There are 2 protein chains.
Amino acid sequence: MKKKERHQLLRKLVQQDVIRKQEDFVDKLHERGIEVTQATISRDIKELQLVKVPAQDGGYRYNLPPEMNYDISKKLSRLMRDAFVSIDTQREFVLIRTLPGNAFALGSLIETAKYSEMFGCVSGDDTVLVICRDEESAERFQRRIISFI
Amino acid sequence: MKKKERHQLLRKLVQQDVIRKQEDFVDKLHERGIEVTQATISRDIKELQLVKVPAQDGGYRYNLPPEMNYDISKKLSRLMRDAFVSIDTQREFVLIRTLPGNAFALGSLIETAKYSEMFGCVSGDDTVLVICRDEESAERFQRRIISFI
DNA sequence: AGGTCGTCAGTATATTTATACAGTTTATAC
DNA sequence: GTATAAACTGTATAAATATACTGACGACCT
């Protein structure tokens, strides 16, 4: 296992799992049979510029570098302008319709952005369903998404 | 000194000074005659969702929450579209020209965004001069700025 | 072969950060 | 007023993170 590969993996992990502390990374890697220590993770985090963000649930979680988020934000903006059709809320659900074939990409971006209002997200061909934490979150989320257009 | 005020101050400090660790906050507040301990700062940071970002210089610095940066990025984008006139580099300097009266606002935004390429920044009425770390940074910085248009 | 340089990672530890607990103040109800 | 609860902070310490130091490994020489 080379450093480069590990870095790749860390980026992936930080996006798909909730990493609260560096030991979580160590554990995840151990699960995959990769031996590393917290010290190495600390150095990796420094190189990758991952950040520990205080989360809305009172905990903490590691995240991609803020700069990357610019990119995500930009991509989201571009995609929304290109493929957005409509958005609607119903209780804690937000339904976003896109031009056919674009929903999956949009869903991925939304997932990566990890909005705090969001609880989960499924996407089909022209529809993204976002499940928020509650009704209020759903409205806030809708406003956010609209602001990208 | 109420918590609210302190939070305001922390936001200001984190933007205008380089805060490497929580003790730096404590020191800055002491300088202003405000008594606080690291524990309080830790809790404040959690509430304000400030993040400790690995910096390009090998150190660390605290920053505004990534979400806020979206805003800054958006504002920058809007202002650039509205007021941008031209941009040019010369060695490690980048000169941005804007419509009269807009340079100061643009400079402030650029300062807030704290681009790693940037060393310093002065703004007049229709001109922002950005001093980068070196020639390469200057070019990278120019590309970045252009991408906002 | 041996020698030198550079990268990388572990161990041990220093440094930094988070928090349990307790005390104080401030708001709210009675 | 007094009682009770909630918000806030410091102290002490636990927990988490960063790093000095060291050794291992490989690349590239002579």
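What you are looking at is a predicted structure, and each value in this text was computed from that prediction instead of being measured. To find a chain, count down the sequence lines: A is the first, B the second, and so on, and within it residues start at 1.
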Without swapping roles, check the side chain of [X] against the backbone of [Y] for a donor-acceptor pair under 3.5 Å.
X      : Y      : value
A:E135 : A:E92  : no
B:N63  : B:V51  : no
B:R81  : B:L76  : no
B:K46  : A:G58  : yes
B:T98  : B:A103 : yes

With both distances under 3.5 Å as the test, what is the Watson-Crick or G-U wobble partner of C:dG6?
->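 WC or wobble partner is D:dC25.
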
In whole angstrom, what separates [X]'s [atom1] from [N]'s [atom2]?
X     : N      : atom1 : atom2 : answer
A:L10 : C:dC8  : CG    : P     : 14 Å
B:L50 : C:dA18 : CG    : P     : 11 Å
A:E5  : C:dA9  : CD    : C1'   : 15 Å
A:K3  : C:dG6  : NZ    : C1'   : 12 Å
A:K21 : C:dT16 : NZ    : C1'   : 16 Å
A:R43 : C:dG6  : CZ    : C1'   : 15 Å
A:I41 : C:dA9  : CD1   : C1'   : 11 Å
B:E23 : C:dA18 : CD    : C1'   : 13 Å

Stepwise, does the side chain to side chain contact (heavy atoms under 4.5 Å, CB included) test hold for A:Q38 with A:E23?
-> CA-CA 6 Å; A:Q38 173 270 324; A:E23 284 295 342; 3.6 Å; yes

Answer yes or no: does a side-chain N or O of A:T37 lie under 4.0 Å from OP1 or OP2 of C:dG10?
->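 So the side chain of A:T37 is within the cut-off, an N or O lying under 4.0 Å from OP1 or OP2 of C:dG10.
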
Between C:dT15 and B:Q22, is there an OP1 or OP2 to side-chain N/O distance shorter than 4.0 Å?
->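 Indeed not, no polar side-chain atom of B:Q22 lies that close.
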
DNA chain D: B:T40 or B:G59, which has the more 5' nearest nucleotide?
->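 Per heavy-atom nearest nucleotide, the more 5' residue is B:T40.
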
Pick the nucleotide of DNA chain D nearest each of B:E35 and B:Y60; which residue has the one closer to the 5' end?
->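 So the residue in question is B:E35.
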
A:Y60, OH: over 12 other non-hydrogen atoms inside 6.0 angstrom |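 Atom OH in A:Y60 is packed in, count exceeds 12.
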
Mind checking B:F25 for me? I need base, sugar-phosphate or nothing, with any heavy atom below 4.0 Å counting as a touch.
->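 The answer is nothing, as B:F25 stays clear of every strand by at least 4.0 Å.
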
Would you classify B:E47 as touching base, sugar-phosphate or nothing, given that sugar-phosphate means primed atoms plus P, OP1 and OP2, and contacts are heavy atoms under 4.0 Å?
->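 Answer is nothing: B:E47 stays at 4.0 Å or more from every strand.
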
Please determine, for the side chain of B:S42, which listed nucleotide (C:dA12, C:dA9, C:dA18) has the closest atom?
->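 Closest nucleotide to the B:S42 side chain: C:dA18.
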
How would you give the extent of chain B contacts on DNA chain D, as first and last nucleotide 5' to 3' within a 4.0 Å heavy-atom cut-off?
->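 The contacted stretch runs from D:dC8 to D:dT19.
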
Residue closer to the 5' end of DNA chain C, B:K46 versus A:Q38 (nearest nucleotide) =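 Of the two residues, A:Q38 wins.
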
